[in-house]
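The block underneath contains the structure these notes are about, expressed in structure tokens.
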Amino acid sequence: MPFVIQRPTPKDVPEMVDVHDRAMASDAFIGKLFCNVEPSLRLQHNMDYFTKKFTQARHFGFELWKAVDTDTGKIVGMIVWEFPRKLNEKEIEEKAAMLAAMSQEVLPEGANSELLSQLVSQIGPLKAKYVDPTKDYYMRILAVDPDYQRRGLGSMLIEAGLAHIDENGSDCLLTASAAGEGLYNKHGWETIDEIVIDLDKANAGHGITKPKCMLRNGRSVV
């Protein structure tokens with residue numbers, strides 16, 4: 001069946017959330033983060049999260065693509081990037097206000113806030129260490145419906161963003177689980193660091209898990 005990569009609109013959020021949640025159902029980290037959350041609360045949280053990727057796109061550089069099954073019109077994959085943005089003075093003030101409001105937001109009841117705190121507290125410094133937000137890129141989310149995996153959709157979604165990244169010769173950072181590392185290696189990312197999550201401290205199991213921090217160096221399009 002043929003697939004096409006397109007830009008989504010806010011009307012696509014419910015389908016995008018469904019794809020994300022189905023794709024992440026077996027993800028060890030996401031599963032531990034929301035395992036004790038009422039399904040309706042988790043759904044609303046994710047609806048709000050993806051809606052903001054559209055409303056905050058200008059200030060935070062969010063760029064999204066969707067993979068569509070052209071036989072059915074169904075969204076079967078999605079990707080979210082942070083593209084570099086040059087903000088004017090007014091936009092800088094608006095972004096600061098958004099960040100302040102976001103700092104006051106609370107996770108849905110039952111979510112593992114300690115687990116998320118460990119992740120977020122390390123991603124920020126890694127981004128500051130390895131990429132320049134005025135010219136480099138960051139991949140936030142890649143998700144493909146489990147029924148459509150292993151058909152090249154992950155690569156199609158990645159390549160849509162790489163066309164822009166390589167045009168500018170920029171670097172791109174991401175964090176990856178062990179399951180996704182091979183796909184990212186295939187497209188030029190290399191492991192340069194790691195995030196250390198203490199599962200015992202977060203009451204999310206035992207031991208340490210270490211998602212990878214991966215960088216794809218800029219390259220010029222000939």
Side-chain angles (χ1 to χ4, degrees), residues 3-6 16 19-33 53 61-69 75-84 115-116 118-133 135-199 205 207-222:
F3 302 102
V4 63
I5 306 300
Q6 300 175 338
M16 293 169 65
V19 169
H20 173 269
D21 289 356
R22 283 170 51 79
M24 299 299 171
S26 59
D27 183 270
F29 182 86
I30 297 296
K32 290 180 171 60
L33 181 61
K53 296 299 169 282
F62 299 135
E63 298 282 351
L64 296 83
W65 277 268
K66 62 181 179 179
V68 178
D69 179 343
I75 296 175
V76 295
M78 52 162 293
I79 193 167
V80 182
W81 304 83
E82 285 181 23
F83 277 29
L115 195 63
L116 183 62
Q118 288 188 45
L119 178 68
V120 172
S121 67
Q122 295 178 70
I123 287 180
L126 287 170
K127 289 169 70 175
K129 180 178 180 180
Y130 292 112
V131 291
D132 179 346
K135 66 179 184 65
D136 295 325
Y137 295 70
Y138 179 70
M139 186 198 298
R140 293 182 68 95
I141 298 170
L142 173 64
V144 175
D145 187 313
D147 292 340
Y148 290 81
Q149 291 177 3
R150 301 189 182 281
R151 301 189 193 185
L153 289 172
S155 289
M156 289 176 67
L157 287 161
I158 289 171
E159 288 164 2
L162 291 184
H164 294 262
I165 294 170
D166 288 345
E167 183 178 359
N168 295 312
S170 299
D171 295 346
C172 181
L173 190 73
L174 59 80
T175 57
S177 64
E181 194 172 356
L183 174 63
Y184 300 130
N185 282 147
K186 174 183 174 181
H187 289 280
W189 275 273
E190 296 182 356
T191 299
I192 56 169
D193 215 321
E194 61 187 13
I195 294 171
V196 180
I197 304 294
D198 185 336
L199 297 177
I208 300 292
T209 186
K210 298 180 179 181
K212 304 301 183 184
C213 177
M214 305 182 73
L215 182 69
R216 183 181 187 270
N217 291 123
R219 54 207 67 189
S220 300
V221 177
V222 179

>> Could you walk me through whether His187 and Leu162 satisfy the side chain to side chain contact (heavy atoms under 4.5 Å, CB included) test, starting with their C-alpha distance in whole Å, then the side-chain angles of each, then the deciding distance to 0.1 Å, before giving a yes or no?
In response: CA-CA 9 Å; His187 289 280; Leu162 291 184; 4.3 Å; yes
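- A distance of 11.5 Å separates NZ of Lys129 from CG of Leu215, quoted to the nearest 0.5 Å.
- Considering only heavy atoms from C-beta on, Leu173 stays 4.5 Å or farther from Asp136 through its side chain.
- Taking a cutoff of 4.0 Å between a charged side-chain nitrogen and a carboxylate oxygen, Asp193 and Lys210 do not qualify as a salt bridge.
- Electrostatic pairing of Glu82 and Arg140 counts as a salt bridge here, judged by a charged N lying under 4.0 Å from a carboxylate O.
- A heavy-atom distance below 4.5 Å is found between the side chains of Tyr148 and Asp69.
- Two residues are said to be in side-chain contact when any heavy atoms from C-beta on lie closer than 4.5 Å; Ser155 and Leu183 meet this criterion.
- In plain terms, the two heavy atoms of Val19 and Ala143 that are nearest each other are CG1-O, 3.9 Å.
- A donor-acceptor contact shorter than 3.5 Å is absent between the side chain of Thr191 and the backbone of Lys212.
- The side-chain heavy atoms of Leu126 and Ile192, taken from C-beta on, include no pair separated by under 4.5 Å.
- Here the straight-line distance linking atom SG of Cys172 with atom CD1 of Ile165 works out to 4.0 Å at 0.5 Å rounding.
- Within a 6.0 Å radius of NZ in Lys186, other residues, nucleotides and ligands contribute 12 heavy atoms or fewer.
- Salt bridge present: Arg22 and Asp147 bring a charged side-chain N and a carboxylate O closer than 4.0 Å.
- Separation of atoms CG (Leu116) and CD1 (Ile30) is listed at 8.5 Å; rounding is to 0.5 Å.
- Taking 4.5 Å as the limit, every side-chain heavy atom of Val80 sits out of range of all side-chain heavy atoms of Met139.
- Inter-residue side-chain proximity for Leu157 and Ile5 is flagged as met; some heavy-atom pair is nearer than 4.5 Å.
- Taking Thr175 as the reference, Ile123, Tyr138, Ile195 meet the side-chain contact (heavy atoms from CB on, under 4.5 Å) condition, with sequence neighbours excluded.
- Aromatic ring orientation, Phe83 versus Tyr137: perpendicular (interplanar angle above 60°, classes split at 30° and 60°).
- Nearest heavy atom pair, residue Gly154 against residue Val144, reads N-CG2, 4.0 Å.
- Listed here is the closest heavy atom pair of Met214 and Ala176: SD-CB, 3.7 Å.
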* Kindly indicate, with the supporting measurements, whether the criterion side chain to side chain contact (heavy atoms under 4.5 Å, CB included) is fulfilled by Ile197 and Leu115. => CA-CA 7 Å; Ile197 304 294; Leu115 195 63; 3.5 Å; yes
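- Across all their heavy atoms, Tyr130 and Cys213 have their closest contact at CD1-SG, 4.3 Å.
- Not a single donor-acceptor pair under 3.5 Å links the side chain of Arg216 to the backbone N or O of Glu190.
- Heavy-atom minimum distance, Gln122 versus Pro125: O-CD, 3.4 Å.
- Distance check, rounded to the nearest 0.5 Å: CD1 of Ile158 to CG of Leu153 gives 11.0 Å.
- Ala160 and His164 make their closest contact through O-CD2, 3.3 Å (heavy atoms, listed as atom of the first residue, atom of the second, distance).
- A distance of 8.5 Å separates CD of Gln6 from CD1 of Ile75, quoted to the nearest 0.5 Å.
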Requested in this report: Could you give me the CA-CA distance, side-chain angles and deciding distance for Leu199 and Ile208, then say whether side chain to side chain contact (heavy atoms under 4.5 Å, CB included) is met?
Outcome: CA-CA 6 Å; Leu199 297 177; Ile208 300 292; over 6 Å; no
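- At distances below 3.5 Å, at least one donor-acceptor pair connects side-chain atoms of Asp27 with backbone N or O atoms of Phe29.
- Under the 4.5 Å side-chain criterion, counting only non-hydrogen atoms from C-beta, Met16 is in contact with Leu64.
- At distances below 3.5 Å, not a single donor-acceptor pair connects side-chain atoms of Asp166 with backbone N or O atoms of Gly169.
- A donor-acceptor contact shorter than 3.5 Å links the side chain of Asn185 to the backbone of Trp189.
- Inter-residue side-chain proximity for Met78 and Trp65 is flagged as unmet; no heavy-atom pair is nearer than 4.5 Å.
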